[in-house]
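A short worksheet on the structure shown next.
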Amino acid sequence: YIHFCIDKEDPKKRGKDVCGYPLSIFFIVVNEFCERFSYYGMRAVLVLYFKHFLQWDDDLATSIYHTFVALCYLTPILGAIVADSWLGKFKTIVYLSIVYTIGQVAMAVSAVHDITDSNRDGTPDNMTFHVALSMVGLFLIALGTGGIKPCVAAFGGDQFSEHQDKQRRTFFSVFYLCINGGSLLSTIITPILRGQECGIYSQQKCYSLAFGVPAALMVVALVVFIVGSGMYYKAEPEGNIMLDVCKCIGFAINNRYRHRSNQYPRRQHWMDWAEEKYDKLLIAQIKMVLKVLFLYIPLPMFWTLFDQKGSRWTLQATTMNGYFGKLVIQPDQMQIFNPILILTLVPIMDSVIYPLIKKCGFNFTPLKRMTVGMFLAAMAFVCAALVQVEIDKTLPVFPSASQSQLKLLNMGSSAVTVNLPGNESLTLNAAQVCRLIHNTIRFVNGMNMPVNVTTSAVDLGLIEPFYYSTYSTIKNGETKFSLLSGSQSCEYIKDFGFGGSYTFFIPSTFVFGPDCQDSITVVEDIEPNSVHMALQIPQYFFITAGEVMFSVTGLEFSYSQAPSNMKAVLQAGWLFTVAIGNFIVLIVAEIAKLPNKWAEYVLFASLLVLVCIIFSTMAYFYTYIDPSEIEDQFSKKVDEDEDDKDKREKAEIKMVRRDSAESYDDSYKQSNM
């Protein structure tokens, strides 16, 4: 039982503390962990859902993925304005979390193939329904996750009293640990759930479960947050500084335009045209912010490369071998290296690398760190291009749009010679198949009796004499097939790798029994992926090292160069660069249309190197400032102006008194006379 009371001296104290921390923050920490698990878990499998469930090509899947990510980084600006100017942080988090939860549930429902699978063949018959529902779900998720992003951390900070600075710092450390912990666990778990097979009428990859678990975690996050409602300190909305900044900038631009004639004297800075309406201190603060925002102009290119680890790199991993000994890594699980490396590299950078560089006498300023981070990200894409070159060597040559492929099967017991016009004669031995490319497996029955082929996951059905089964998907690993014909049976075992395509030919000479395994002819239409996923680790290392040097340092630099009341403006600007970076991916993916994927990786790396050079030039001419000193100068000037004003007023009062006294004396003298 906990008794809640409001301390008249400290309105933030609404209940007892636990180990020196407000009890309310434990609900906030659990909420953040569940919400991050929900977001990153859904996002980990999203691009494969587009490609394999909605059957989109790589470019369309990549474009929609990055559109979604861009929206997730645009909506925080809206969420911050709503929270600070209208609803307050608590109500904003609750309302948008409800929207967020509805979106996650919509995504889970959109991935249930049985809803529109009327013929029960495992493929949705009305793909429009699934596409529309998933797009609505993604929009609601983007609105929810982006809207609460700037509120939750700030709301947690509000729970601490003025004397709890140490506890507040610890809270933020634990808070961001929960973000990385939720990301790490969800990136491991949801791809495993996706790899399972589920369904009401037919078994398919379980995207509904992979989206359903994050939806359930979002429900938990919402419930936990609401349960702690009575313990929270809920600050009233006090207005959003971003609105004031936008109004001030807008007035300056408008005022400058109205006084564009040469008859008006020029001013030192275009923001000085706002002096007629706004305080000089606010104008000076905006000038400092604009100076930092100018440096943000080249930054979106870094995020263009960074966020492709969830799209292009995941698609690249689908063409690779995921066997790490007995451990099997799914393509969308490779993203776990990012949070693992973040948790490893951040302390190493802060405790070893940066002090060592400083000891060597090199002035490794924040802007120099950011430049190196951009260069490392470019190197990551060079590594991705080299990996892609190795993958391309193992891929089959598919026919072009003007070509076709023909598959020839000899079901007889003797060799057959085939003559095709314009081609050399081809001899097919008995029970031999000529190569054809497909994505899955099928059985061909060369006997004069029907055969029923089943596995624990897929029922290939009854195959009529001299006929074939439909193609079916078999997951990697060992699979046992049962071949039945009347009372006769055969157990056939095959170990499948990643990405292989096979045709199993049952010859006319096939005999049921314990030795039937050797009688079936296997043709690899597409060889299993042979390039190992471990080759992606260097590119993940470079991109994460770049993130640590670019993102962490960038936020630190931005905060050090901006006034204390302008942090939210810079946070909004920083998130905006992430959104723009994801939109750049859309432009390149849709316009470039490069035939080779490795060439696209090289293009992105080259663009970032170019931007890196531009940014380093801008950084060279940048002059570091101390915003607090500038603000103090304005404060002193204001105080001096007020002192001068007081002195003038006192002098005027004395002058009035003296004039009054003189006037009184004159009047007295006149009266006496």
Side-chain angles (χ1 to χ4, degrees), residues 70-71 73-86 146-147 150 237-301 303 367 554-555 557-584 587 611 614-615 617-619 621-631 633-635 637-638 641:
L71 287 176
Y73 285 95
L74 283 177
T75 50
I77 301 173
L78 177 64
I81 293 174
V82 169
D84 292 342
S85 304
W86 182 29
E238 298 178 352
N240 190 280
I241 189 66
M242 285 187 289
L243 293 177
D244 296 334
V245 171
C246 292
K247 289 178 182 178
C248 185
I249 293 175
F251 179 82
I253 295 173
N254 185 47
N255 196 31
R256 176 68 184 90
Y257 179 76
R258 287 189 289 107
H259 297 84
R260 61 187 180 277
S261 175
N262 292 330
Q263 66 183 18
Y264 298 102
R266 289 184 171 274
R267 300 189 182 183
Q268 187 175 4
H269 192 281
W270 62 271
M271 276 302 302
D272 293 333
W273 288 94
E275 290 180 350
E276 284 83 349
K277 185 176 180 180
Y278 292 91
D279 183 63
K280 288 186 177 181
L281 177 59
L282 176 63
I283 295 172
Q285 291 171 333
I286 294 176
K287 289 179 183 178
M288 288 184 274
V289 169
L290 291 176
K291 191 177 180 183
V292 177
L293 290 178
F294 177 72
L295 283 176
Y296 280 7
I297 294 175
L299 303 190
M301 200 63 214
W303 302 112
L367 292 178
L555 286 172
F557 161 78
S558 301
Y559 277 37
S560 69
Q561 296 296 291
S564 57
N565 64 334
M566 295 286 176
K567 308 298 185 186
V569 179
L570 284 180
Q571 179 72 10
W574 185 266
L575 295 175
F576 187 70
T577 64
V578 181
I580 297 300
N582 280 272
F583 282 127
I584 293 175
I587 297 171
V611 169
I614 296 173
F615 179 76
T617 304
M618 296 169 63
F621 292 101
Y622 182 83
T623 303
Y624 290 84
I625 61 172
D626 186 351
S628 59
E629 288 186 3
I630 297 176
E631 290 176 323
Q633 291 175 4
F634 271 88
S635 298
K637 188 175 181 181
V638 170
D641 291 341

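Taking every heavy atom of both residues into account, W273 and R267 meet most closely at CA-NH1, 3.3 Å. P150 and A80 get closest at one heavy-atom pair: CG-N, 3.8 Å. Closest approach of I81 to M242, counting heavy atoms only: CG1-CE, 4.1 Å. Nearest heavy-atom pair across L293 and G573 is CD2-CA, 4.2 Å. In terms of heavy atoms, S85 sits closest to L243 at OG-CD1, 3.6 Å. When every heavy atom of G554 is checked against every heavy atom of W574, the shortest pair comes out as CA-CH2, 3.7 Å.
Within the structure, the salt bridge (charged side-chain N to carboxylate O under 4.0 Å, His left out) test picks out the following pairs touching residues 282-293 (sequence neighbours left out): D272-K287.
At least one side-chain heavy atom of W270 sits under 4.5 Å from a side-chain heavy atom of I249. Looking at heavy atoms from C-beta onward, I584 lies out of side-chain contact with W303 at the 4.5 angstrom threshold. Counting heavy atoms from C-beta on, the side chains of I580 and Y73 never come closer than 4.5 Å. Proximity of V245 to V289: side-chain heavy atoms (C-beta onward) are nowhere separated by under 4.5 Å. Side chains of C248 and M271 form a contact here, defined as non-hydrogen atoms less than 4.5 Å apart. V292 has its side chain within reach of Y622: a pair of non-hydrogen atoms, C-beta onward, lies under 4.5 Å apart.
Note that the CG atom of D244 and the CG atom of D279 stand 11.5 Å from one another [nearest 0.5 Å]. With rounding to the nearest 0.5 angstrom, the CD atom of Q285 is 7.0 Å from the CD1 atom of I241. Between T577 atom OG1 and L575 atom CG the span is 7.5 Å, to the nearest 0.5 Å. One distance of note links CG of L367 with CZ of F557; it measures 4.0 Å at 0.5 Å rounding. Atom CZ of R266 sits about 7.5 Å away from atom CG of N262, to the nearest 0.5 Å.
With sequence neighbours excluded, no residue forms a side-chain hydrogen bond (donor to acceptor under 3.5 Å, both in side chains) with Y278. Residues satisfying the side-chain hydrogen bond (donor to acceptor under 3.5 Å, both in side chains) criterion with Q263, sequence neighbours excluded, are absent altogether.
Formation of a donor-acceptor pair under 3.5 Å by the Q561 side chain with backbone atoms of M288 is not found in this model. Although no hydrogens or angles enter the test, the distance criterion places a donor-acceptor pair under 3.5 Å between the side chain of R260 and the main chain of Y257.
The pair E276-R258 fails the salt-bridge criterion, with no side-chain N (NZ, NE, NH1 or NH2) lying under 4.0 Å from an Asp/Glu carboxylate O.
Within a 6.0 Å radius of CZ in F615, more than 12 heavy atoms belonging to other residues, nucleotides or ligands are found.
When only modelled atom types and interatomic distance are considered, Y296 and S558 share a side-chain donor-acceptor pair under 3.5 Å.
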